[in-house]
Every structure is written in C-alpha cells, then in structure tokens.
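These notes are about the structure you will find just below.
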Amino acid sequence: EQDWAGASCQMWHPELQSDGTYVIRSCLDPSYVVDLKGASEDYKAPIHIFKENGTAAQRWHLTTYVINSCTISASDHNTVTVKASGATVRSDNRTAYLFAVEPYEHSIKGKSPIASASMASDLTFKAGLNKNSSSSLLQKKFYVGVKYCNIYRIVSNPFYITNPEAAATNAAAFPRSARGTKKGLKLSISDEDIEAGKNLHISSVCLDIILDNFLDGSGYKYTYEGKTYSFSTEINRYKQQIRKYNNAGILVSANFYLLSENYPDLMQPEARNGSRRKDAITVAFNTRDGGRKRVEALFACIAEAFTTDGCMIANWVFGNEVNEYIGYYYSGPISYSRFHESLAEGYRMFNACVKSRWKNARCYLSLDHNWNVSWPVADSYMGMDLVKDFNLDLARQGRVHWDMAMHPYPSPEQDCRFWNRVFTIENSGASQQITMLNARYFASYIKNTYGSGTHIIMSETGLSSVYQGHNYE
C-alpha cells in the first residue's frame, strides 16, 4: 500500500464514453487504464492497471446511488415502486431516470427511461408492471441513470423486484394433505404409481419433471410477454395425472430440470461446449443471453398449467442437488463465484415465474447431503458455503424468498444403516454430511440463519442394499 502523496501515479481521469460507461485513465500515462483482471465476471474480482485495449473489462460505471427496494403493489398487482438513496450527481437537467434492462444486459445505451424523478438524495420512481405484455417489468433488472453530456449513464447498483407474488391474482391457499399421515414417496405420473400411492396411504408425492418432455412438440400454445411459444401437449397429460393425485388428497411436490442432450439454447452458454458436458445428467438453465426468454416462457406456462383448474403442484423445487456442479447443475467451466451467481440468477427467474402466477406457491433450492465437505468423487461443492453465497448473491440485487429441499441420504450413501458415521455426522456446523441422524440440526440451522419462515422439505432419500444386502434394507 502507498500513502497518498499527490503524485500523478495516484491520480486518475474518468473519461465518459458514448455508451455511458467510463474509461479510467492514469494521469501518469494515459495509455494505461483501470482493468478488471482476466476479464473476470466473479464478484469481488481483482482490478489492476493495463494497457488500453477497448474491451468491456476496462469500462466502468461510477455510481453514487443505491437502490434499496423494488416492489410490486399488493393492492393493484401492477404498480412497481423503486426507491434509491445516495449523493446527487452532475447532470444536464437535475433529473434522475429509472431504466429497465434484460438481466444479462449491463448497459443502458439505446434504452429509454421508464420513469423519472427530480434529483435528490432520496429518489422514488413508479412504473407499471404490465405483466405478460411485451413491456413487462417482472424479470427486468433496474438501474438509476442520469443524462450527462447528452449521454445516459448508470449511477446505481442493479436491482430486481423482490415480491413477484404481489403480481399474482391467484391467491388460493397452500394445500394440505387430506391423508392424515407423514408418509411420502417419490413416484411418477403413471396410473400404476398413482394407485400405489393411494393404496399405501401416502400423504405426499414428489415427481421428477424433465422439462425436455414439454419441448418436444408444438401443439400447446402459450403467449408470454407478447410472443406465442409452442410446447408439447404432454403438458395436458401431466395436468390430468397430477389432478388424480390432488383428487386423492395427496400433496404434490416436483423437481424441475433440463437434461443435457438437447436444446442448447436453454442451457447456460458456458455449458454448451464445456469439456465435462458429456458427464452431466442435467444442466443449468440459461440466464445469460436471449435464449433465456424461452426458459422464462416455459416456467410461466407450466406455473399456470399446474396451479389452476384443480391441478396443483404445491412445492416447486428448482433443479436437483444443485451443489453437484458437474452431474446435476452443469454450468460449464466457470469459477465457484460465477457458479453461485448463476444459481441465484436461475432461481430468481424460476421463482418470479411461479410466484407471479400463484401467490402461495413455495419454491425451493435442492441440495445433496454434502454439507461441510467438498466431495471430489461427486464433483460437489459444500452445501453450507453454497447456500450462504447463493443467499448473498440474491441479497445484493434484491433478495427473494427461498425454501430448502434436503436429501438426507445415509453415510456412506450405499449403506442402508443410516446410523453409521463414515463421515463426520454432528449436530453442528462441523458436520460433513446431513443424514437422518442430524436432519433436525440442519432444519434448525436453516431457520435460524435464513429466517424462521423458511420451509424445509425432505424431497428425496433412499436406502440401498449394496453393502449389507436386503436384510438390513
């Protein structure tokens, strides 16, 4: 570190560019500029000085405002109110503007403001949500901007709507099982499984819903944000079968995921040609380019299909064991920091689609049982750290509510004697894995750390006879 000495090597000149960003030049040698090292997109990535090369890694926003809230009116389901505070900034007309951009955009060049306010330390903007129209703000990212030298430039952090449930006109109560037991199974939508569930007097069922099944076809039309998308009529078959579970008083939960073989436009761009793609079972949803719109449309479509007309999925689980970053949420060869940011982006998109259709739906993040251990065999991040960083990523740009789906398999997984302790299984943060032995600790930790209103379900577990045979199982 060097104390301030007033030398030219410590002085910088921000130079406004035509897109509203700045190049920050060294006063000692203007050919050197502030640069994001390695063009990293990681949160808190290091910066240094580098020879000017005209890349995005050398373009900066100088911000003086912080957006503190962005909410939809619960009374009219349409008015969006954005509040920001900070220091006033030089502008052409003493006016601050609100901009809405796609989540994968980082510039307001070519955009028109959607609201304005007189420049002040505290700003309030109002705009219409216009849900499902071509001008919908539901999934948009918001910035405060000003006009300076006749150029719009960003002067705030990015922020999202935090209460998408306020957009929902469907306010049906969360359903309760009519079966009178805690018994649940993981089944399919086949008639045989439905009858088995009824005969076994289960109270709940968890379905695996492979979204690829809804993409193979064109007979089911759905209009999303002014554009009509074509999906498979398989959606109708699922509605029919889910309704049978509902009619039997069985609560329905579902895991939603995308397989890795087809539809590359719906997966994260980095995953499309990643070297480990062949090892992936399911992939991360696209949040990074224009293919995202079809993902949004699909989520919105099934959210409407499976929450109305006597067809009700109560618990919506985003992905499956997403901390298994190769097998179950493959995002390509990206850093851990970029991974948890991508996970937060994907969950935010999913949550907004579902809860804006049904106010009382519950949306969950799914983890495997590796809690305080990073297991190379499974290419798994530590669940405890991932949840913390996922939550921080959401909070930085507007926290939305999330719930937790746990998978407390035995340790080791293939040994049905769940009372064994191959890994460290404790009722504390020192526990390496979450099993039936310390499931109560896990539930308490999640509620105490992330809010008592966090719902926790056990959406999957199982017993295997690999080690000790059928007698123990």
- Message: Checking Glu304 now: which residues fulfil side-chain contact (heavy atoms from CB on, under 4.5 Å) with it, not counting sequence neighbours?
- Response: Tyr222, Arg357

- Query: salt bridge (Lys or Arg N to Asp or Glu O under 4.0 Å) with Asp212: which residues, sequence neighbours excluded?
  - Reply: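 Asp212 satisfies salt bridge (Lys or Arg N to Asp or Glu O under 4.0 Å) with no residue once adjacent residues are dropped.
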
- Residue list, salt bridge (Lys or Arg N to Asp or Glu O under 4.0 Å) with Lys131, at least two apart or on another chain: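 Counting only residues at least two positions away or on another chain, Lys131 forms no salt bridge (Lys or Arg N to Asp or Glu O under 4.0 Å).
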
- Note on the structure: Sorted by chain and residue number, the ring pair (Phe, Tyr, Trp, His ring centres under 6.0 Å) partners of Trp316 (sequence neighbours excluded) come out as Phe256

- Who pairs with Trp402 by ring pair (Phe, Tyr, Trp, His ring centres under 6.0 Å), at least two apart in sequence or on another chain?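 Trp402 satisfies ring pair (Phe, Tyr, Trp, His ring centres under 6.0 Å) with Phe390, Tyr450 once adjacent residues are dropped.
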
- Message: For residues 268-280, which residue pairs pass the side-chain hydrogen bond (donor to acceptor under 3.5 Å, both in side chains) check, not counting sequence neighbours?
- Response: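 Pairs touching residues 268-280 that pass the test: Gln268-Thr287, Gln268-Ser342, Arg272-Asp289, Arg276-Asp279, Arg276-Asp379.
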
- Quick one: which residue pairs count as a side-chain hydrogen bond (donor to acceptor under 3.5 Å, both in side chains) with a foot in residues 109-124, not counting sequence neighbours? Glu105-Lys111

Would you mind listing every salt bridge (Lys or Arg N to Asp or Glu O under 4.0 Å) that reaches into [range], with sequence neighbours excluded?
range	result
residues 49-63	Asp19-Arg59, Arg25-Glu52
residues 69-97	none
residues 341-353	Arg338-Glu341, Arg338-Glu345, Glu341-Arg396

- ring pair (Phe, Tyr, Trp, His ring centres under 6.0 Å): pairs with one or both residues in residues 82-104, sequence neighbours excluded: Tyr97-Tyr152, Phe99-Tyr152

- Query: Applying ring pair (Phe, Tyr, Trp, His ring centres under 6.0 Å), which residue pairs with at least one partner in residues 283-305 are found, sequence neighbours left out?
  - Reply: Phe285-Phe299, Phe285-Phe318, Phe299-Phe350

- Query: So does Glu460 pair up with Lys186, basic N to acidic O under 4.0 Å?
  - Reply: yes

- Is the closest side-chain donor-acceptor distance between Arg440 and Asn427 under 3.5 Å?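 Asn427 and Arg440 do not have a side-chain donor-acceptor pair below 3.5 Å.
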
